[in-house]
Enquirer: 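Next up is a structure, given as C-alpha cells.
Quantities reported herein were computed from a predicted structural model and do not represent experimental measurements.
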Amino acid sequence: MTRFDPHRIRSGDEPMHARSPLRMRLVMALIGVASAVGGVVFFVTQHAVGFVVFCAVVGLVALVDAIVVVRHIRQGAHWQPGRDIPPYRPVEEPEERLRERAPLSQHTREHVYLAMMGTCLVLVILAWTVVRLFSPGLAIAMSVVAAFIPPFAVMVANARGRNW
C-alpha cells in the first residue's frame with residue numbers, strides 16, 4: 001500500500017513545468033560524460049571511427065545536460081523539489097490569450113499525427129528496400145531520422161486541444 005507523502009505534492013502540470021532532483025540528474029549526466037569519454041578512448045584504440053563519433057556526440061549531449069543542471073542548481077530553489085521547498089503554482093496564461101487561439105480539432109490533430117507517422121513509415125521502408133542498395137550509411141541516417149518522428153508526432157498531435 002502506497003502512503004501519501006505531503007512533501008511530494010505535484011503542481012498538476014508536470015510535463016509543462018516539471019522539476020527534477022537536480023543533484024541526481026547531475027550525477028547521471030557526469031556518469032554519461034565519463035562513459036562517453038571511456039567509449040571514445042576505447043574505440044580510438046580499436047580504430048572504429050563511427051563508434052568514436054557516436055560516443056563523442058553522446059558525451060557532448062551529456063555535458064550540455066550537466067551544464068544546464070549546474071545552471072539550474074545555481075538559480076535556486078524554484079528548480080529543485082525537496083522537503084523544505086513547497087510546490088509552486090503553475091504559470092497561468094492570461095484569459096485573452098486563451099480566447100485568441102482556439103484548440104485544434106480532433107480531426108486536424110489526427111491528420112497531423114497520421115501524416116507524420118506515414119512519413120516515418122515511408123522513410124523506413126525506402127531506407128531498407130531501395131536506399132540501402134546504393135548507400136547503407138544513408139539508409140541508417142534515414143532510419144535515425146524516422147526514429148525521432150514518433151515522439152514529435154505525439155507532441156504535435158496533442159499540443160493544443162483535448163479529446164472530448
Enquirer: Mind checking the CZ-CD1 spacing from Arg25 to Ile73? Nearest 0.5 Å is all I need.
Expert: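 With rounding to 0.5 Å, CZ (Arg25) is 9.5 Å from CD1 (Ile73).
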Enquirer: Quick check for you: to the nearest 0.5 Å, what is the distance between Leu60 atom CG and Asp65 atom CG?
Expert: 11.5 Å
Enquirer: For residues 115-140, which side-chain N or O atoms pair as donor and acceptor with protein atoms under 3.5 Å away, sequence neighbours left out?
Expert:
unit_1, atom_1, unit_2, atom_2, d
Thr119, OG1, Ala115, O, 2.8
Trp128, NE1, Ser143, OG, 2.5
Thr129, OG1, Ile125, O, 2.6
Arg132, NE, Trp128, O, 2.7
Ser135, OG, Leu138, N, 3.2

Enquirer: Can you see which heavy atom on Pro150 is nearest to which on Ala147, and at what distance?
Expert: CD-O, 3.5 Å
Enquirer: Counting only heavy atoms not in Phe54 (residues, nucleotides, ligands), do more than 12 fall under 6.0 Å from its CZ?
Expert: no
Enquirer: Would Val64 and Val61 show up in the same hydrophobic cluster when neighbours are defined by side-chain heavy atoms closer than 4.5 Å?
Expert: no
Enquirer: If Ile, Leu, Val, Met, Phe, Trp and Tyr residues are connected whenever their side-chain heavy atoms lie under 4.5 Å apart, and connections chain through other members, are Phe152 and Val112 in the same group?
Expert: yes
Enquirer: Same cluster or not: Val52 versus Val37, using hydrophobic residues (I, L, V, M, F, W, Y) connected whenever any side-chain heavy atoms lie under 4.5 Å apart?
Expert: no
Enquirer: Going only through I, L, V, M, F, W and Y residues with side-chain contacts under 4.5 Å, is there a path from Phe51 to Val40?
Expert: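 Cluster IDs for Phe51 and Val40 match.
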Enquirer: Closest approach of Leu63 and Val33, non-hydrogen atoms and distance?
Expert: N-CG2, 3.5 Å
Enquirer: So, for Leu30 and Ala66, which heavy atoms are closest and what is the spacing to 0.1 Å?
Expert: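 That closest heavy-atom pairing would be CD2-CB, 4.2 Å.
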